[in-house]
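Here the structure is laid out as structure tokens; the discussion comes afterwards.
Letters A, B, ... are given to chains in the order of the sequence lines, protein chains preceding strands, and every chain is numbered from 1.
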Amino acid sequence: MWHQRRIRLSPQPRGFHLVTREVERAVPELGELRVGLLHLLIQHTSASLTLNENASPDVRHDFAAWFDRAVPDGADYFSHTLEGDDDMPAHIKSSLTGASLVLPVRDGRFALGTWQGIYLCEHRDSGGARRVIVTAFGDS
Amino acid sequence: MWHQRRIRLSPQPRGFHLVTREVERAVPELGELRVGLLHLLIQHTSASLTLNENASPDVRHDFAAWFDRAVPDGADYFSHTLEGDDDMPAHIKSSLTGASLVLPVRDGRFALGTWQGIYLCEHRDSGGARRVIVTAFGDS
Amino acid sequence: MWHQRRIRLSPQPRGFHLVTREVERAVPELGELRVGLLHLLIQHTSASLTLNENASPDVRHDFAAWFDRAVPDGADYFSHTLEGDDDMPAHIKSSLTGASLVLPVRDGRFALGTWQGIYLCEHRDSGGARRVIVTAFGDS
């Protein structure tokens with residue numbers, strides 16, 4: 001069983017955002033999989049996807065605090081600066097977290113840990129809506 | 001052919017640990033795959049999985065040295081501090097290395113490079129046993 | 001439909017290199033997939049793969065600038081030094097970016113974003129040709 005579709009994640013401000021429910025609602029095919037996997041690819045190079053803690057907003061805040069220090073806006077060793085001070089850091093942060101996720105599915109639901117959720121990592125100040133290609137496959 | 005099961009990795013002290021053999025022993029279905037993939041997802045947000053050098057313990061030691069400097073325990077810009085100084089760094093280190101791996105399988109064995117092994121990255125001082133969902137799929 | 005093969009990526013100097021076309025040419029089976037995925041695993045621990053911006057060489061230059069500062073050659077806290085000052089940083093950079101990629105395929109072509117390309121991240125000064133195991137699977 002193979003399903004593939006393109007979905008859109010709502011625009012978010014720069015930062016880390018929990019989107020597990022938004023992804024589930026956009027992919028009803030998930031319910032048909034008895035055992036399988038769901039692959040997500042964000043079709044951008046300045047936003048990314050990761051799995052992390054789904055409970056405390058503090059965790060998402062601290063993600064931003066760390067990444068903004070580790071990859072500073074407007075660092076003087078960057079040469080790719082025409083698209084703004086937040087552009088080149090966004091590319092690097094994207095590769096540090098990753099453009100894709102593969103998640104196990106069991107009996108029509110994600111088989112994640114209790115505290116795991118999907119983060120949309122928005123690295124631009126004004127990134128807009130983000131396109132994601134979702135591929136669901138497995139046994140129905 | 002689809003097999004999915006939950007396994008447990010033994011408790012490890014904080015650091016980077018080679019678990020290739022432990023994973024192989026826990027997933028006998030690997031032997032049935034002629035060509036396929038094995039997907040691993042660690043169901044936690046303060047431990048992670050990566051592939052790296054399988055020979056020298058020095059490499060694993062230096063991984064810890066670098067990550068502990070890059071994401072310092074108890075940094076003053078963290079607000080999520082109730083669960084201990086090692087908790088918020090553990091979340092960030094987890095997303096830098098990643099919660100899942102996809103490995104090629106050929107003739108019943110991992111098709112890794114000669115020097116590649118699976119690391120359990122334990123980012124908490126006392127993380128305990130770690131659960132991993134393993135999904136094996138392909139042609140038998 | 002399952003295809004698996006080992007390909008070689010041409011030797012590159014240390015840095016970040018766009019290899020989307022080189023991968024496409026080496027995997028003609030891509031054209032047979034109506035809907036599916038392509039998995040890539042680089043069989044090394046001092047080079048890695050990531051998706052990022054496919055247009056500006058400045059971006060690839062700035063990736064090197066950032067990674068070389070974040071994981072400095074010959075840092076005094078590294079103990080694994082016998083293979084050269086660039087060896088231990090190469091291992092860490094590899095796990096920060098990752099040894100594998102999973103890419104969606106649609107109608108025989110990668111379903112990437114307009115600005116996304118595959119980077120070979122070469123972290124050694126003289127890494128040589130790099131082996132990649134490619135697994136294509138899906139519906140034909």
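Interface remark: B/T135 contributes side-chain atoms only to the contact with chain A (heavy atom separation under 4.5 Å). Using a 4.5 Å cut-off between heavy atoms, A/L37 contacts chain B through both its backbone and its side chain. For B/I42, the part lying under 4.5 angstrom from a heavy atom of chain A is the backbone only. Looking at B/S95, both its backbone and its side chain come within 4.5 Å of chain A, counting heavy atoms on both sides. Neither the backbone nor the side chain of B/V134 comes within less than 4.5 Å of any heavy atom in chain A. Both the backbone and the side chain of B/I92 come within contact range of chain A, judged by heavy atoms closer than 4.5 Å. Only the backbone of B/H44 comes within contact range of chain A, with at least one heavy atom under 4.5 Å from a heavy atom of that chain. Looking at A/R106, both its backbone and its side chain come within 4.5 Å of chain B, counting heavy atoms on both sides. Of the two parts of A/Y119, neither the backbone nor the side chain holds a non-hydrogen atom closer than 4.5 Å to a non-hydrogen atom of chain B. Only the side chain of B/F137 comes within less than 4.5 Å of a heavy atom of chain A; its backbone N, CA, C and O stay farther away. Heavy atoms closer than 4.5 Å to chain A are found in the side chain of B/L41, but not in its backbone.
Side-chain contact of A/T45 with A/H91: a donor-acceptor pair under 3.5 Å is present, judged by distance alone. Of the N and O atoms on the side chains of A/R130 and A/S46, at least one donor lies less than 3.5 Å from an acceptor on the other residue. Under the 3.5 Å distance criterion, with hydrogens and angles disregarded, no donor-acceptor pair is assigned to the side chains of A/D86 and A/H123. For the residue pair B/S48 / B/T97, a side-chain donor-acceptor distance below 3.5 Å is found, with atom types taken as modelled.
Distance alone, capped at 3.5 Å, is enough to place a donor-acceptor pair between the A/N54 side chain and the A/Q116 backbone. Between the side chain of A/E22 and the main chain of A/V19, no donor-acceptor pair closer than 3.5 Å is present.
Of the listed residues (A/P104, A/G36, A/C121, A/P57), the greatest number of heavy-atom pairs within a distance under 4.5 Å of chain B belongs to A/P104. Among the candidates A/L101, A/V35, A/L51, the residue making the largest number of heavy-atom pairs closer than 4.5 Å to chain B is A/V35. Ranked by heavy-atom pairs under 4.5 Å with chain B, the first of A/L103, A/V59, A/T114 is A/V59.
No more than 12 heavy-atom neighbours from other residues, nucleotides or ligands sit within 6.0 angstrom of CZ on A/R21.
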Could you walk me through whether B/R109 and B/E24 satisfy the salt bridge (charged side-chain N to carboxylate O under 4.0 Å, His left out) test, starting with their C-alpha distance in whole Å, then the side-chain angles of each, then the deciding distance to 0.1 Å, before giving a yes or no?
CA-CA 9 Å; B/R109 301 165 57 102; B/E24 283 173 343; over 6 Å; no
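Closest non-hydrogen pair, B/L33 versus B/A136, comes out as CD1-CB, 4.2 Å.
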